[in-house]
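Worksheet: one structure, shown below.
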Number of protein chains: 2
Amino acid sequence: MRDAVTSEALREAGLRATRQRTTVLDALRGRPDAITAQELHGELRGTGEPVGLTTVYRTLASLADAGLLDAIPREGEQAFRLCSDDHHHHLICEACNRVDELTAEEVERWVDAVASRRGFRVTGHRADIFGLCAACARS
Amino acid sequence: MRDAVTSEALREAGLRATRQRTTVLDALRGRPDAITAQELHGELRGTGEPVGLTTVYRTLASLADAGLLDAIPREGEQAFRLCSDDHHHHLICEACNRVDELTAEEVERWVDAVASRRGFRVTGHRADIFGLCAACARS
DNA sequence: CATGATCATGGAAACCGTTGTCAATTTCAA
DNA sequence: TTGAAATTGACAACGGTTTCCATGATCATG
């Protein structure tokens with residue numbers, strides 16, 4: 001059962017497996033797009049498993065902290081999406097918010113080269129592509 | 001005189017050369033770090049050339065629109081910095097907010113390759129490196 | 001199973017960066 | 001010089017997010 005998988009993931013993140021957290025994490029599963037706390041709250045409001053707005057905010061933050069979610073900054077707000085646990089970059093559709101994960105050795109190489117050349121100690125980097133996915137570009 | 005240069009830059013951006021805009025743009029000149037509207041407002045408050053907070057916000061937004069400034073997103077707020085007019089990326093010190101501009105053909109190549117491979121129509125991309133500059137890393 | 005120490009929830013209020021309002025002021029082309 | 005149009009700035013409003021805190025759920029332990 002999916003519930004057991006979800007609970008275990010929460011446990012591994014150091015979080016108790018509550019109904020609310022399970023609901024949030026399950027709602028994120030299989031979603032190709034990034035979603036904000038408010039959007040998710042609104043979506044869950046309709047179902048039989050509502051979760052308080054405050055709790056949605058807290059849960060998304062905790063899961064992102066734990067590395068289960070990627071935070072995708074959007075105009076004035078923050079969207080989230082389930083992600084793999086290794087480092088990657090994003091291909092983001094500005095129309096439907098679909099997010100594809102990318103790995104990019106050429107980017108990592110560039111980061112290392114530039115940083116060492118200037119005596120920077122790197123703590124992180126970001127490389128994302130924005131545009132329209134094939135489906136959205138067609139319409 | 002510097003003032004004439006500043007006024008002309010404003011004119012070219014389609015903005016009237018007011019005392020406030022000249023003050024803001026001059027304050028940005030030669031600054032290695034990115035600064036927020038509130039920070040700049042506070043800084044100017046001390047001088048003999050105060051500028052209203054609303055005006056600082058509007059001016060920074062206008063200058064960024066015009067391509068004179070780069071917007072550097074910071075935790076929950078937005079910082080700005082004078083920039084060159086051609087496309088570039090950033091090397092950002094998280095301690096002192098110093099920002100260096102970078103060009104990166106390897107990143108551009110990566111963007112094109114990935115996008116075409118997936119049928120994405122690219123509207124923009126971003127690649128920034130975060131860390132500690134040589135000076136901040138030392139202390 | 002019970003049980004309680006600890007953690008989680010959620011409605012309401014507060015927060016904080018930012019934007020809208022609008023009357024007064026400034027700019028600048030003519 | 002002058003007047004139409006743009007700009008300013010104090011203030012209020014906004015919107016996403018966080019804090020508060022009393023209530024409720026979880027789960028290691030007995």
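Please read these numbers as outputs of a predicted model, since none were measured by experiment.
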Handout entry: C/dG10 phosphate, OP1 or OP2, under 4.0 Å from A/Thr55 side-chain N/O
Key = yes
Problem - Whole-Å gap separating P (C/dC22) and CZ (B/Arg58) - result: 14 Å
Practice task
In sequence, state the C-alpha distance, the side-chain angles, and the governing distance for A/Arg21 and A/Leu15, and then conclude on side chain to side chain contact (heavy atoms under 4.5 Å, CB included).
Solution key: CA-CA 9 Å; A/Arg21 302 216 256 236; A/Leu15 301 169; 3.9 Å; yes
Handout entry: Whether B/Arg74 side chain and B/Ala34 backbone form a donor-acceptor pair below 3.5 Å
Key = yes
Exercise for the section: Look at the side chain of A/Arg19 against the base of D/dG24 and say whether a donor-acceptor pair falls under 3.5 Å; ignore hydrogens and angles. Expected result: no
Completion exercise
Atom CG of A/Leu60 and atom P of C/dG10 are separated, to the nearest Å, by 13 Å
Fill in the blank from the handout: Atom CZ of A/Arg11 and atom C1' of C/dA8 are separated, to the nearest Å, by 14 Å
Practice task
Looking at every strand, decide which applies to A/Arg21 at a 4.0 Å heavy-atom threshold: base, sugar-phosphate, or nothing.
Solution key: sugar-phosphate
Exercise for the section: Ignoring the backbone of B/Thr18, work out which of D/dT8, C/dT18, D/dG16 is nearest its side chain. Expected result: D/dT8
Handout entry: Integer-rounded Å distance: C/dT27 P and B/Glu8 CD
Key = 18 Å
Practice task
Specify the separation, in whole Å, of atom CD of B/Gln38 and atom P of C/dC15.
Solution key: 15 Å
Handout entry: Atom-pair distance (CG on A/Leu15; P on C/dT9), nearest Å
Key = 9 Å
Practice task
Taking A/His88 for its side chain and A/Thr103 for its backbone only, find out whether a donor-acceptor pair lies under 3.5 Å.
Solution key: no
Practice task
Establish, with yes or no, whether the OP1 or OP2 oxygen of C/dT18 is under 4.0 angstrom from a side-chain nitrogen or oxygen of B/Tyr57.
Solution key: yes
Practice task
Look at the side chain of B/Glu39 and the backbone N and O of B/Thr36, then say whether any donor-acceptor pair between them is shorter than 3.5 Å.
Solution key: yes
Exercise for the section: When you get a sec, tell me which of D/dA10, D/dC27, C/dT9 is the closest nucleotide to the side chain of A/Ala17? Expected result: D/dC27
Handout entry: 5' priority, DNA chain C, between A/Thr59 and B/Leu53 [closest heavy atom]
Key = A/Thr59
Handout entry: Sugar-phosphate, base or nothing in reach of A/Gln78, heavy atoms under 4.0 Å
Key = sugar-phosphate
Fill in the blank from the handout: Nearest heavy-atom contact between B/Ala64 and B/Phe80 is CB-CE2, 3.9 Å
Handout entry: Atom-pair distance (CZ on A/Arg16; P on C/dG4), nearest Å
Key = 16 Å
Handout entry: Interatomic distance, A/Glu75 CD vs C/dG17 C1' [rounded to whole Å]
Key = 13 Å
